[in-house]
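Please read the structure below before turning to the comments.
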Amino acid sequence: MEIGFNVAEALEAVVAEAASGLEVFDETFVPDLRPADPRFGDFQANGVLPFAKKQGRNPRELAGALVAALGDAIGTDFAVGVAGPGFINFTLKPAALLRWLRIYGSGKDLEAGAAGLHRGRKLVIDYSSPNTAKQMHVAHIRSMVIGEAISRLFEFSGAAVIRDNHIGDWGTQYGKLIYAYKHHLDPEALEKDPLEELERLYKKGDALCREDPEVLERARAELVALQRGDAENQRLWEEINGISEKAFEEIYARLDIRFDAQLGESFYRDKVGEVYAELVDHRIAEESEGALVVFHPEHPRFKKQPFIIRKSDGASNYASTDLATVLYRVREWQAEKIIYVTDGRQQDHFQQLFLTVEKWFAAAGRAVPELDHVWFGTILGEDGKAIKTRTGNPIKLKDLLGEAEQRARAIVDEKNPSLPEEEKAAIARAIGIGAIRYADLAQNRTSDYVFSWDKVLSLEGNTAPYLLYAVARIHSIFARMGENAGAEESAATPFETDQEQKLARKLLAFPEVLKMTLSDLRPHFLCTYLYELAGDFSGFYNADKVLVDDPGIRARRILLCRRTLLILEEGLRLLGIRTLKRM
RNA sequence: GCGGCAGUAGCUCAACCGGACAGAGCAGCGGUUUUCUAAACCGCUGGUUGGGGGUUCAAGUCCCUCCUGCCGCGCCA
């Protein structure tokens with residue numbers, strides 16, 4: 001058999017083919033190949049057990065028959081055996097393992113292998129999407145970090161990705177903000193830290209509105225004026241957006257995040273009318289208590305819980321713009337799939353949005369895009385409640401990033417004081433930002449996130465610095481070898497030591513991990529894998545010296561270092577984390 | 001009330017939509033450096049997977065029930 005990029009997939013096909021030639025198996029049999037516990041082999045097929053149970057037959061007998069039927073098709077690359085109640089174990093022989101590692105030797109090779117997963121698919125990923133006139137806080141980081149990782153993963157697997165930052169730049173907050181700007185602006189503060197001042201003004205306006213009904217009325221009037229196109233308010237709106245955008249850009253630059261489109265809610269404000277009309281025409285939306293709403297009678301909850309798409313005062317809300325946004329993305333960009341990366345509290349909203357879009361597009365004869373809500377848990381303080389500083393304010397993201405870099409810098413100064421100043425700063429940046437990012441990605445996204453400085457900036461265990469350190473050590477070996485490091489791979493002999501084999505086998509599992517990460521859109525699968533890979537490398541590095549005299553051993557160990565480096569760097573890049581040559 | 005998520009070692013978390021004796025890190029204890037970065041490696045200690053039933057050859061995972069926590073549920077996003 002041809003081993004291919006994803007060995008589990010190749011085996012799956014061979015096993016299924018062998019089963020189809022046997023009387024006792026039928027088309028309902030699924031081999032169920034997966035990476036195995038290293039004690040048993042490289043891959044295992046578990047599918048015989050449930051199948052045998054369903055047929056009322058002895059699983060070990062069926063497994064034995066299946067193994068016998070594999071015969072020539074599987075070739076001589078694997079050791080195959082039946083174990084336990086009916087598992088089939090496959091172990092790639094060292095020579096074949098070496099062959100696989102020789103073939104997949106560059107980022108291009110990996111990408112070519114992965115490209116089959118989503119080749120040519122056109123998709124939009126909606127993430128970050130902050131509100132204007134507010135600072136970014138710790139809570140904003142998850143959408144950015146997860147959204148960026150998912151974007152990179154899809155691109156890597158062959159998709160055409162449009163990253164769209166759906167900024168909240170239109171809505172009721174502007175009434176209060178413009179009112180406060182006109183009456184309580186501190187020009188000096190605006191000069192010094194514009195976004196800080198805007199945030200103060202918004203809070204001020206919000207507080208005043210709550211205290212004084214008259215102010216509330218005037219704030220509403222400012223909003224109405226803005227929506228009618230009043231010149232002064234339009235100018236203020238633009239100024240506020242400009243200030244916000246500049247502050248956002250700084251954060252995005254620090255986090256290596258770039259968008260292909262940045263169409264905020266305001267972009268859709270003249271596009272909601274068409275949505276209302278179509279939904280009413282198709283009898284999907286109805287009037288209720290003065291508002292335009294959508295109920296879903298077939299749904300246990302949404303038959304009662306309305307999806308409000310136009311408020312009773314006639315104004316649009318985020319449901320209106322979200323609907324218009326789907327239409328735009330499908331019409332203008334031919335999006336086949338749209339992924340929203342937001343926190344889990346918006347699950348109801350997106351379920352209602354998706355149900356509504358499905359009915360609407362079907363009724364209008366449009367292709368219904370695949371819609372996916374990639375949600376994540378809330379960020380909690382150490383008391384298990386919403387995250388706050390000691391003074392009760394949210395932690396600003398720029399402060400968080402700054403402190404992370406600072407703490408990383410202190411460690412660089414201690415561990416490696418002789419490095420040039422500029423390099424130390426770059427290392428501190430990569431480690432600090434990488435540590436924060438990784439801490440977020442390494443945890444299952446659907447869990448709530450208990451934030452603590454110690455955890456985020458920890459340099460031990462499953463963290464970015466641990467991975468970056470492994471990368472730096474490999475680079476260090478190559479630096480010592482000098483320039484002519486390239487010629488030795490062909491001399492490599494098959495792996496022998498436990499550490500060599502363990503590391504080589506871990507490398508072999510990368511395609512399956514990538515596939516799993518993408519199918520569930522859970523970056524922590526990839527994190528866990530990279531951490532285990534770095535761990536296996538560290539074990540190997542400590543036990544087996546790379547630069548030995550024996551040319552065959554030296555060559556195969558160099559090959560292992562190269563492939564480990566390749567997958568660590570490629571994997572970290574997919575997570576949005578920069579690697580280092582020295583640290 | 002309806003619904004979502006969660007409860008796994010002292011702490012922070014894994015466990016690939018039922019699979020092999022539940023795995024890491026931290027903390028604790030003990031080792032490893034004339035050798036490629038010790039930000040590392042190796043070993044030991046640590047579990048009634050919130051409680052109780054059930055389904056199965058096999059349950060942390062599925063079903064029922066109870067307890068606890070967080071979060072949604074008509075004009076915020």
Side-chain angles (χ1 to χ4, degrees), chain A residues 32 34-37 39-40 44 46 49-50 52-53 58-59 83-87 89 129-131 168 171-173 265 288-293 300-302 304-313 315 317-319 321-322 342-349 351 375 377-378 380 384-386 411-412 414-416 431 439 442-444 446-448 450 452 454-455 458-463 465-466 468-470 472-481 512-513 515-517 519-520 522 524-525 527-529 531-532 534-535 538-548 557 561 582-583:
Chain A
D32 187 18
R34 57 177 75 184
D37 187 309
R39 281 174 308 200
F40 306 120
Q44 58 179 292
N46 292 355
L49 286 141
K53 179 187 167 192
N58 181 322
F87 302 108
N89 294 323
S129 305
N131 288 330
T172 43
Q173 77 266 28
E265 287 171 354
S288 170
E289 298 177 27
L292 191 62
V293 307
R301 232 156 2 103
F302 302 143
K304 292 261 186 189
Q305 187 178 318
F307 188 51
I308 299 170
I309 65 170
R310 189 181 63 206
K311 300 195 284 184
S312 53
D313 64 2
N317 63 2
Y318 76 129
T321 48
D322 274 357
T342 83
D343 73 86
R345 289 175 302 190
Q346 298 185 46
Q347 284 180 90
D348 277 3
H349 168 75
Q351 278 180 37
W375 60 272
T378 313
L380 308 172
K385 292 275 191 174
I411 293 164
V412 177
E414 180 202 326
K415 301 278 182 189
N416 238 333
I431 293 177
Q443 182 159 354
N444 191 344
T446 52
S447 304
D448 283 350
V450 178
S452 80
D454 283 350
K455 187 175 156 193
S458 162
L459 308 182
E460 288 168 321
N462 188 8
T463 64
Y466 180 82
L468 293 176
Y469 183 63
R473 291 212 290 193
I474 301 174
H475 275 297
S476 173
I477 292 170
F478 293 141
R480 184 161 292 253
M481 283 166 55
E512 195 60 20
V513 170
K515 186 179 172 186
M516 211 166 83
T517 304
S519 75
D520 273 25
R522 293 184 193 269
H524 82 279
F525 291 159
C527 293
T528 303
Y529 168 76
Y531 173 58
E532 288 169 359
S538 295
F540 158 76
Y541 178 91
N542 268 64
D544 298 335
K545 186 163 167 56
V546 175
L547 301 178
V548 294
R557 290 186 181 164
C561 288
R582 295 200 291 186
M583 66 182 270

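Residue numbers begin at 1 in each chain, while the letters A, B, ... track the order of the sequences.
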Test item: S129(A) and T342(A) side chains (from C-beta on) under 4.5 Å apart, heavy atoms: no
Spacing between Y531(A) atom OH and G23(B) atom C1', to the nearest angstrom: 11 Å
Can you name the residues that form a ring-ring contact (aromatic ring centres under 6.0 Å, His included) with H475(A), not counting sequence neighbours? none
Starting from P on A20(B), measure out to CG on N46(A) and report it in whole angstrom. 8 Å
Is the shortest heavy-atom distance from the side chain of Y469(A) to the side chain of S538(A) under 4.5 Å? no
Between U8(B) and G47(B), how far apart are the P atoms? Round to whole Å, please. 15 Å
Quick one, give me the B/S/- string for nucleotides 10-16 of chain B, reading 5' to 3', where B means a protein heavy atom under 4.0 Å from the base and S means that only happens at the primed atoms, P, OP1 or OP2. --SSSSB
For U33(B) versus C42(B), give the span between their C1' atoms, rounded off to a whole number of Å. 14 Å
Short side-chain N/O contact to A38(B) OP1/OP2 from R473(A), under 4.0 Å: yes
Say we look at G53(B) and G31(B): how far apart would their P atoms be, to the nearest angstrom? 46 Å
Might you point out which heavy atoms bring N317(A) and I308(A) nearest each other, and give the distance in Å? ND2-O, 2.9 Å
Report the nucleotide, chosen from C36(B), C76(B), A40(B), that has the shortest atom-to-atom distance to any side-chain atom of N542(A). A40(B)
Symbol by symbol from the 5' end, with Watson-Crick or G-U pairs under 3.5 Å, [ ] crossing and | another strand, RNA chain B is (((((((..((((.....[...)))).(((((.......))))).....(((((..]....))))))))))))....
Among N444(A), T528(A), T517(A), whose side-chain hydrogen bond (donor to acceptor under 3.5 Å, both in side chains) with R522(A) holds? N444(A)
Pairwise side-chain contact, C561(A) with F540(A), heavy-atom cut-off 4.5 Å (strictly under): yes
A39(B) phosphate, OP1 or OP2, under 4.0 Å from Y469(A) side-chain N/O: yes
Which residue lies toward the 5' end of RNA chain B, W375(A) or A534(A), if each is placed at its nearest nucleotide? W375(A)
Roughly how many Å is it from CG in D348(A) to P in G74(B), rounded to a whole number? 10 Å
Could you tell me whether P465(A) contacts a base, only the sugar-phosphate backbone, or nothing, with contacts defined as non-hydrogen atoms closer than 4.0 Å? nothing
Contact class for V293(A) vs. all strands (heavy atom < 4.0 Å): base, sugar-phosphate, or nothing? base
d(CD, Q351(A); C1', G72(B)) in whole Å: 11 Å
Using whole Å, what does the distance between atom P of nucleotide A77(B) and atom NE2 of H349(A) come to? 9 Å
Please check if the side chain of D544(A) supplies one atom and the backbone of R557(A) the other of a donor-acceptor pair under 3.5 Å. no
Whether N416(A) side chain and M583(A) backbone form a donor-acceptor pair below 3.5 Å: yes
Check salt bridge (Lys or Arg N to Asp or Glu O under 4.0 Å) between D448(A) and all other residues, then give those that pass, not counting sequence neighbours. none
Remember a base hit wins even if backbone is also touched, and classify S538(A) as base, sugar-phosphate or nothing at under 4.0 Å, heavy atoms. sugar-phosphate
Check the side chains of D348(A) and Q305(A) for a donor-acceptor pair under 3.5 angstrom, ignoring hydrogens and angles. yes
Closest listed nucleotide, where the reference is the side chain of R301(A) and the choices are A39(B), C2(B), A77(B): C2(B)
Answer with base, sugar-phosphate or nothing: what part of the nucleic acid does L468(A) contact at a heavy-atom distance below 4.0 Å? nothing
With hydrogens left out and only the distance checked, is there a donor-acceptor pair under 3.5 Å joining E460(A)'s side chain and the base of G25(B)? no
Would you mind telling me which of C57(B), A20(B), A39(B) lies closest to the side-chain atoms of L49(A)? C57(B)
Do T172(A) and K311(A) have side chains that get closer than 4.5 Å, going by heavy atoms? yes
Have a look at I431(A) and say if it touches a base, only the backbone sugar-phosphate, or nothing, with a 4.0 Å heavy-atom cut-off. base
Does the aromatic ring of Y466(A) sit over the six-membered base ring of A39(B), closer than 5.5 Å centre to centre and tilted less than 30°? no
For the pair made of CG in L547(A) and P in C36(B), what is the distance, rounded to whole Å? 10 Å
For R473(A), the salt bridge (Lys or Arg N to Asp or Glu O under 4.0 Å) test, sequence neighbours excluded, returns none
Can you tell me how far C1' in G18(B) sits from the matching atom in U55(B), rounded to whole Å? 11 Å
Heavy-atom distance under 4.5 Å between the side chains of Y318(A) and E265(A), does that happen here? yes
Shortest side-chain distance from V546(A), nucleotide among G19(B), C36(B), A39(B): C36(B)
For U61(B) and A14(B), measure between their C1' atoms and round to the nearest Å. 14 Å
Side chain of E289(A) - closest among A77(B), G74(B), A20(B): G74(B)
Looking only at side-chain N and O atoms, does K311(A) come under 4.0 Å of OP1 or OP2 in C76(B)? yes
What about D343(A): does its side chain form a donor-acceptor pair under 3.5 Å with the base of A77(B)? no
Rounded to the nearest angstrom, tell me the gap between atom CE in M481(A) and atom C1' in C36(B). 10 Å
Proximity to the side chain of R345(A) - top-ranked nucleotide from G4(B), A77(B), G72(B): G72(B)
5' precedence on RNA chain B between E265(A) and S288(A) (nearest-nucleotide basis): S288(A)
By the 4.0 Å heavy-atom rule, please label N89(A) as base, sugar-phosphate, or nothing. base
Considering only the C1' atoms, how many Å lie between C13(B) and C76(B), rounded to the nearest integer? 34 Å
Using a cut-off of 4.0 Å on non-hydrogen atoms, how would the nucleic acid contact of D322(A) be classed: base, sugar-phosphate, or nothing? nothing
Gap in Å between the two P atoms, one belonging to A40(B) and one to U68(B), rounded: 43 Å
Please identify each residue that fulfils ring-ring contact (aromatic ring centres under 6.0 Å, His included) with F307(A), with sequence neighbours left out. H349(A)
With a 3.5 Å cut-off and just heavy-atom distances, do the side chain of T378(A) and the base of C71(B) make a donor-acceptor pair? no
Strictly below 4.0 Å: does Y541(A) bring a side-chain N or O up to OP1 or OP2 of A39(B)? no
When the distance from NZ of K545(A) to P of U33(B) is rounded to whole Å, what number comes out? 16 Å
Span that lies between the P atom of G74(B) and that of C11(B), in whole angstrom: 37 Å
Is K53(A) near enough to C57(B) that one of its side-chain N or O atoms lies under 4.0 angstrom from OP1 or OP2? no
NA contact type, P50(A), heavy-atom cut-off 4.0 Å: base, sugar-phosphate, or nothing? base
